[in-house]
Every structure is written in C-alpha cells, then in structure tokens.
Amino acid sequence: MLNHFRHTLKDQTALYVFVSVLFLMGVIFGALLVNALSLEQQQDLSRYLSNFFTSISQGGTEYEQLSFAKVAALHLKWLGLIWILGLSVIGLPGIFVLDFFKGVLIGFTVGCLVGQFSWKGLLFALMAVAPHNLIVIPALLAASVAATSFSLGIIRSRILMKLPNHNHSSLLSYCSIILLMAGVILVASCFETWVTPILMRLVA
C-alpha cells in the first residue's frame with residue numbers, strides 16, 4: 001500500500017508542479033489586476049475596505065460573520081465542481097481554469113489590501129486571508145491533480161482498451177481522494193468560521 005502510494009505520488013509530481021505553477025500565475029495576475037483599476041474604482045474600493053475594517057473593529061452591522069454551513073458550502077462547491085469536471089475528458093481544461101481563477105481571487109484580494117493599506121494590509125492578509133487558505137488551497141490542488149490524473153486515465157483506457165475493472169478501481173481511488181480533501185476542507189472551514197474572525201478583529 002505504501003509502495004503504491006509512493007509510486008502514485010512520483011507519477012503525479014509533474015501534475016502537482018503544473019497545477020501549482022498555474023495557481024501561482026493566477027495569484028500574480030490577480031495582484032497585477034489591481035493596478036488596472038481606474039482611479040475611481042480604487043477610491044471606491046478604499047472606502048469600502050475602510051468601512052469594512054471599521055465595522056469589524058467596532059462590531060458594526062456592515063460586517064456579518066458567515067456561518068459554518070455557508071463557509072463550508074462555498075469551498076465544497078468548488079471541490080465538487082473539480083470532481084465533476086474530472087469525471088469527463090472534456091472537463092479537463094475546466095480544472096485548470098478553476099485553479100488559475102482561484103489564484104486570481106487570492107492575488108486580487110491580497111493585492112487590494114496591500115495596495116490600499118501598505119504593510120497594514122499585508123498584516124491583515126497574513127492574519128485573515130492566509131491561515132485557512134493554507135489548508136484549502138493545497139486540498140483543492142490535490143483534488144485537481146487527482147481529477148486530472150483520472151481524466152487522463154480515461155483517455156489512456158480508451159486508447160489501450162483496458163479492462164472495466166481497472167476503471168472501477170481508478171474511480172474508487174479518485175472518489176476516495178475527493179472525500180478525503182472534503183474532510184480537510186471542513187477542518188479549514190471550522191478555522192475560517194470561528195478563528196479567522198478573531199484574527200480579523202485583532203488586526204482591524
């Protein structure tokens with residue numbers, strides 16, 4: 001079992017590198033996207049963030065803490081979409097688009113905070129954005145690798161005419177990984193729901 005896991009991990013190293021680079025490219029693109037905003041858009045964004053921080057620190061009504069169900073549902077929907085795309089060959093490009101877009105969202109968020117509030121924005125990003133994403137992002141990337149590997153396996157099976165039992169075994173392994181990543185995401189959702197708001201108030 002351990003040897004099989006090592007062999008699988010070795011075979012998927014290139015995929016892990018690829019999706020990681022794709023995600024990092026998205027982060028860079030998202031950060032650069034902040035500079036493309038017009039002056040009016042930057043001013044509106046600055047006012048929104050200032051009101052948001054004030055609301056957090058003073059316990060205002062403008063900041064509403066999300067429930068665990070909403071936080072978990074948001075991440076699990078993303079994971080579920082990756083899983084569905086991995087079940088078909090035509091969904092393979094969509095997996096890469098999701099990884100890139102996730103990077104764009106993270107990069108844009110951090111870029112906005114740093115661009116508007118300098119080192120204070122960076123501190124807020126490190127305390128409020130980074131912690132749970134350090135769990136969520138690796139889980140989503142691992143799911144993306146599993147989805148990509150399964151989708152490529154379908155292509156190889158059709159070309160080589162492999163036995164159906166092999167496909168069933170691969171599907172079971174693929175679904176097991178997705179379920180494992182779902183468990184990891186639920187842990188991250190707990191952190192984001194109950195710990196992240198405390199960190200946000202400390203640095204707001």
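- V17 places a side-chain heavy atom less than 4.5 Å from the side chain of V21.
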Problem set entry | Evaluation steps, side-chain contact (heavy atoms from CB on, under 4.5 Å), between V129 and L113 | CA-CA 10 Å; V129 179; L113 291 170; 4.2 Å; yes

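- Side-chain N or O atoms of Y174 include none that pairs as donor or acceptor with a backbone N or O of S151 at under 3.5 Å.
- The existence of a salt bridge linking D99 and K102 is excluded, since no basic side-chain nitrogen approaches an acidic carboxylate oxygen closer than 4.0 Å.
- Looking at T148, its side chain does come within 3.5 Å of a backbone N or O of S144 through a donor-acceptor pair.
- Side-chain contact between I154 and L87: absent, with no pair of heavy atoms (C-beta onward) separated by less than 4.5 Å.
- Both F18 and V89 sit in one connected hydrophobic cluster of ILVMFWY residues. Membership requires side-chain heavy atoms under 4.5 Å apart, directly or through other members.
- The distance from the CG atom of N133 to the CD1 atom of I106 is 4.0 Å, given to the nearest 0.5 Å.
- Shortest non-hydrogen contact noted between P131 and A125 is CD-O, 4.5 Å.
- Taking all atoms of both residues into account, the shortest heavy-atom contact from F124 to V203 is CD1-CG2, 3.3 Å.
- Looking at every heavy atom in both residues, T193 comes nearest to S189 through OG1-O, 2.7 Å.
- In this structure, L123 is not a member of the same hydrophobic cluster as L134, with clusters built from ILVMFWY side-chain heavy atoms closer than 4.5 Å.
- Within the 4.5 Å cutoff, side-chain heavy atoms of F100 are placed close to those of V104.
- Note: W194 and F68 have parallel aromatic rings, judged against thresholds of 30 and 60 degrees for the angle between ring planes.
- Atom CD1 of I177 and atom CH2 of W83 lie 14.0 Å apart (nearest 0.5 Å).
- Remark: F101 CZ is loosely packed, at most 12 non-hydrogen atoms of other residues, nucleotides or ligands lying under 6.0 Å away.
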For this session: Could you check F108 against L37 for side-chain contact (heavy atoms from CB on, under 4.5 Å), going step by step and ending with a plain yes or no?
Result: CA-CA 11 Å; F108 185 79; L37 297 176; 4.1 Å; yes

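- Heavy atoms from other residues, nucleotides or ligands lying under 6.0 Å from CZ of F29 number 12 at most.
- Linking Ile, Leu, Val, Met, Phe, Trp and Tyr whenever their side-chain heavy atoms come within less than 4.5 Å leaves V97 and Y16 in two separate clusters.
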For this session: Decide yes or no on side-chain contact (heavy atoms from CB on, under 4.5 Å) for L141 and S20, but give the supporting numbers first.
Result: CA-CA 7 Å; L141 293 182; S20 298; 4.1 Å; yes

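- Nearest heavy-atom pair across V136 and A188 is CG2-CB, 3.5 Å.
- Put simply, the side chain of S176 gets close to the backbone of L172: a donor and an acceptor are under 3.5 Å apart.
- With S149 contributing its side chain and V145 its backbone, the two residues share no donor-acceptor pair below 3.5 Å.
- Rounded to the nearest 0.5 Å, atoms NE2 (H75) and CD1 (I137) are 8.5 Å apart.
- Distance check, rounded to the nearest 0.5 Å: CD1 of I82 to NZ of K77 gives 15.0 Å.
- Closest non-hydrogen pair, L199 versus M127, comes out as CD1-O, 3.2 Å.
- Residues S46 and Q116 come closest through the heavy atom pair CB-OE1, 3.0 Å.
- How far CD1 of I178 is from CZ of F150: 10.5 Å, rounded to the nearest 0.5 Å.
- Under the 4.5 Å side-chain heavy-atom criterion for ILVMFWY residues, no single connected hydrophobic cluster contains both L76 and L74.
- Rounding to the nearest 0.5 Å places CG of L152 at 5.5 Å from CD1 of I155.
- Grouping the Ile, Leu, Val, Met, Phe, Trp and Tyr side chains by contacts below 4.5 angstrom, directly or via other members, places L171 with L15.
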